[in-house]
Amino acid sequence: MLLDHFHSPVSELRGWEGFHHSWAVAVADHLNRQLAPPWHAEPHLRFGLEIDVAGLHREVAEPLAGFPPPMQYEPGPSQFTVPLPELTDSLEVEIVRVEGGREVVAAIEFVSPANKDRPDRRQAFVAKCESLLSRGIGVVVVDVVTERRANLHVELMQRLGGSSHEVGGLYAASYHPIERDAQASLDVWFEPLSIGDVLPDLPLFLRDGPCLKVALQQTYNRVCRQSRLDRDMNFLESTRRPTQA
């Protein structure tokens, strides 16, 4: 069953980043057991970087003896300034086809707190999913983040011009872009989640390839066993029980 990795007691025992990374690795291994060349699955992990403005005001080191100080170049004013898109977390499993060149044919996106905490980051995540779907790439999104209430599925549906009933913040969904009668459409499998639920199996459609089963509960259980999370939770609970006189 699904645990809350962002609050006590689980957060006292395991950092969510390490668990989610291990989960992505387990999912990739699970998919590779179903795949044969030219396809394979591989996990990718990147956490967004914060620009530390204070770090720009460091003390200048003293030049080495016998060497002149570095030349300080003072450029004129820039012609214009544009905002940079903010980097945010990316934790995903990509299914890649390596025949005739490397190309991504499906993706599983694990949502992080940073993907949900501000409008620009939510828009970046939704835009990434939209870009994959527009290229005919099947996508699965898994959101078990209890720290934020935003629902990226709802925002994705709004961006695509579809309708979606308002749901809670946790869910797993599969999206299959397909063309029927010369009309592009999107098939959606949506499973709302709550803490304590059994995680569902979902389909993952590879572009110009087979459909795979993503066994979320099976892979989740595997990581819980390998990380000994169940054992440590039982130990933590035993230490908190009041001792009998």
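Please read all numbers here as calculations on a predicted model, not as lab measurements.
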Please examine the side chains of F19 and Y220, heavy atoms only from C-beta on, and report whether any two atoms are closer than 4.5 Å.
yes

Side chain proximity check, L35 to L212, heavy atoms < 4.5 angstrom
yes

State, with a plain yes or no, whether a side-chain heavy atom of R14 is found less than 4.5 Å away from one of D232.
yes

Does L132 reach the side chain of E109, with side-chain heavy atoms less than 4.5 Å apart?
yes

Determine whether F190 and Y175 satisfy the following criterion, ring-ring contact (aromatic ring centres under 6.0 Å, His included), listing intermediate values before the conclusion.
CA-CA 9 Å; F190 181 85; Y175 308 93; 8.4 Å; no

Going by ring-ring contact (aromatic ring centres under 6.0 Å, His included), name the residues that satisfy it together with H176, two or more places apart in sequence or in a different chain.
F205

Less than 4.5 Å apart, any side-chain heavy atom of H153 and any of V188?
yes

Tell me, please, which residues at least two apart from N32 pass side-chain hydrogen bond (donor to acceptor under 3.5 Å, both in side chains).
none

Identified side chain to side chain contact (heavy atoms under 4.5 Å, CB included) counterpart of M157 within the set L152, N151, L186:
L186

If only side-chain N and O atoms count, and only distance matters, is there a donor-acceptor pair under 3.5 Å linking W16 with S11?
no

For F110 and V27: C-alpha separation, side-chain torsions, deciding distance, then whether side chain to side chain contact (heavy atoms under 4.5 Å, CB included) applies.
CA-CA 11 Å; F110 290 85; V27 168; 3.9 Å; yes

Identify whether the distance between the nearest side-chain nitrogen and carboxylate oxygen of R222 and D29 falls below 4.0 Å.
yes

Considering only NZ, NE, NH1 and NH2 on the basic side and carboxylate oxygens on the acidic side, decide whether R102 and E42 come within less than 4.0 Å.
yes

d(C224 SG, L3 CG) to nearest 0.5 Å is 5.5 Å

Can you sort out the partners of R135 under salt bridge (charged side-chain N to carboxylate O under 4.0 Å, His left out), two or more places apart, ordered by chain and number?
none

Indicate yes or no: does K116 engage D143 in a salt bridge with an N to O separation below 4.0 Å.
yes

